[in-house]
Amino acid sequence: ADVKGRPCEDFCVLQHSNRRFFFFRICVITLAEAHPLLQSGKTIKNINYQISANCSRLQNKVSGKSKRGAQFLTELAPLCRISSSDGEEYTIYSCIRGRLIEVNENILNNPALLQEKARHFLPSTEGYIAVVLPKFEESKSITQGLLTQKEYDEVLLKRRSSAS
């Protein structure tokens with residue numbers, strides 16, 4: 001919630017244990033329900049995985065079991081920038097340390113997928129931003145540092161009550 005101190009710029013990290021990754025917990029990064037891009041009236045104009053002149057998340061080339069070539073991300077590493085039709089730009093951050101396994105290129109051609117799927121809490125199907133694989137030994141501490149759905153609901157409730 002409120003990543004980098006920006007009110008309501010919340011991200012969702014869905015964690016999944018996967019035998020294919022030898023009990024690593026893969027993490028799917030997407031927008032949380034209160035993010036301004038998911039509020040009514042907002043339309044995504046552009047999604048850009050080009051982080052800087054020398055860094056594009058689209059250039060991430062992963063191979064083999066050990067995921068060689070994957071870009072390493074810190075908690076506050078930018079994944080992409082999203083522009084909305086009202087001129088606002090939002091930087092989407094990784095929120096967790098780990099290796100970038102893939103970015104969702106489908107949302108480049110159809111940005112509405114991100115809004116549609118995240119609004120209906122189906123980001124793991126098509127409306128996700130990226131998949132990150134944390135180090136095995138850090139998986140537990142990453143989980144402990146995230147809000148549960150219940151804790152996030154409490155944050156939303158506090159926001160609503162303070163706005164009233």
Side-chain angles (χ1 to χ4, degrees), residues 1-21 23-49 51 57 73-104 106-108 110-164:
D2 300 334
V3 174
K4 291 193 84 171
R6 296 185 167 181
C8 300
E9 287 195 31
D10 306 342
F11 303 116
C12 179
V13 178
L14 300 172
Q15 207 173 44
H16 185 279
S17 293
N18 187 332
R19 281 189 260 161
R20 180 173 162 210
F21 291 109
F23 302 104
F24 284 101
R25 296 176 190 256
I26 61 171
C27 296
V28 176
I29 314 297
T30 190
L31 302 175
E33 62 185 274
H35 195 282
L37 283 165
L38 300 182
Q39 303 314 306
S40 60
K42 291 274 187 177
T43 305
I44 295 175
K45 181 176 143 186
N46 181 39
I47 299 172
N48 189 354
Y49 284 109
I51 302 308
R57 301 298 181 208
L73 305 171
T74 62
E75 295 90 339
L76 295 176
L79 289 171
C80 67
R81 291 191 175 79
I82 302 176
S83 302
S84 65
S85 56
D86 63 1
E88 292 288 326
E89 183 176 275
Y90 301 91
T91 300
I92 310 304
Y93 298 95
S94 171
C95 299
I96 57 171
R97 287 171 41 91
R99 288 183 280 174
L100 180 62
I101 301 303
E102 71 176 64
V103 295
N104 185 0
N106 293 331
I107 61 175
L108 293 173
N110 189 359
L113 279 176
L114 182 59
Q115 289 175 307
E116 290 168 21
K117 301 301 179 178
R119 276 191 190 121
H120 297 98
F121 207 66
L122 299 169
S124 58
T125 54
E126 298 170 82
Y128 68 96
I129 295 166
V131 177
V132 177
L133 182 63
K135 289 183 178 179
F136 179 72
E137 59 273 9
E138 293 180 6
S139 292
K140 193 171 188 178
S141 65
I142 287 170
T143 303
Q144 292 169 346
L146 299 175
L147 298 175
T148 64
Q149 183 63 48
K150 183 179 178 185
E151 291 167 333
Y152 184 63
D153 290 341
E154 290 170 10
V155 167
L156 295 180
L157 189 61
K158 284 180 188 174
R159 281 182 189 161
R160 287 185 202 113
S161 65
S162 67
S164 304

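Not counting sequence neighbours, the partners of R159 by the side-chain hydrogen bond (donor to acceptor under 3.5 Å, both in side chains) test are D2, D10. A search for side-chain hydrogen bond (donor to acceptor under 3.5 Å, both in side chains) contacts involving Y93 returns nothing, not counting sequence neighbours. Among residues two or more places apart in sequence or in another chain, the side-chain hydrogen bond (donor to acceptor under 3.5 Å, both in side chains) test is passed with D153 by Q149. Take E75 and apply the side chain to side chain contact (heavy atoms under 4.5 Å, CB included) test, not counting sequence neighbours, and it matches R97. Legend: residues meeting side chain to side chain contact (heavy atoms under 4.5 Å, CB included) with C95, ordered by chain and number and at least two apart, are V3, F11, V13. The side-chain hydrogen bond (donor to acceptor under 3.5 Å, both in side chains) test applied to E154 returns no partner, not counting sequence neighbours.
Here the CG atom belonging to L38 is positioned 9.0 Å from the CD atom belonging to E33, to the nearest 0.5 angstrom. The CZ atom of R6 sits 10.0 Å away from the OH atom of Y90 when rounded to the nearest 0.5 Å. Expressed to the nearest 0.5 Å, how far OG1 of T74 lies from CD1 of I96 amounts to 11.0 Å. Atom NZ of residue K45 and atom OG of residue S85 lie 8.5 Å apart, to the nearest 0.5 angstrom. Taking OH from Y152 and CG from L157, the interatomic distance works out to 12.5 Å, rounded to the nearest 0.5 Å. Separation of atoms CG (L37) and SG (C8) is listed at 12.0 Å; rounding is to 0.5 Å.
Summarising the geometry of K42 relative to E88, their closest heavy-atom pair is NZ-CG, 3.7 Å, with the distance given to 0.1 Å. Here the closest heavy-atom approach between residue R57 and residue A77 is recorded as NH2-CB, 4.0 Å. P111 and L108 get closest at one heavy-atom pair: CD-O, 4.0 Å.
When I47, I92, I51, N46 are each tested for a side-chain contact (heavy atoms from CB on, under 4.5 Å) with R81, only one passes: I51. For the pairing with I44, the side-chain contact (heavy atoms from CB on, under 4.5 Å) check across L113, L114, I107 returns one residue only, L114.
In this structure, L79 and L100 have side chains that are in contact, with non-hydrogen atoms separated by less than 4.5 Å. Put simply, the side chain of I129 reaches to within 4.5 Å of the side chain of C80, judged on heavy atoms. A 4.5 Å side-chain heavy-atom check between Y128 and N106 finds every atom pair outside the cut-off.
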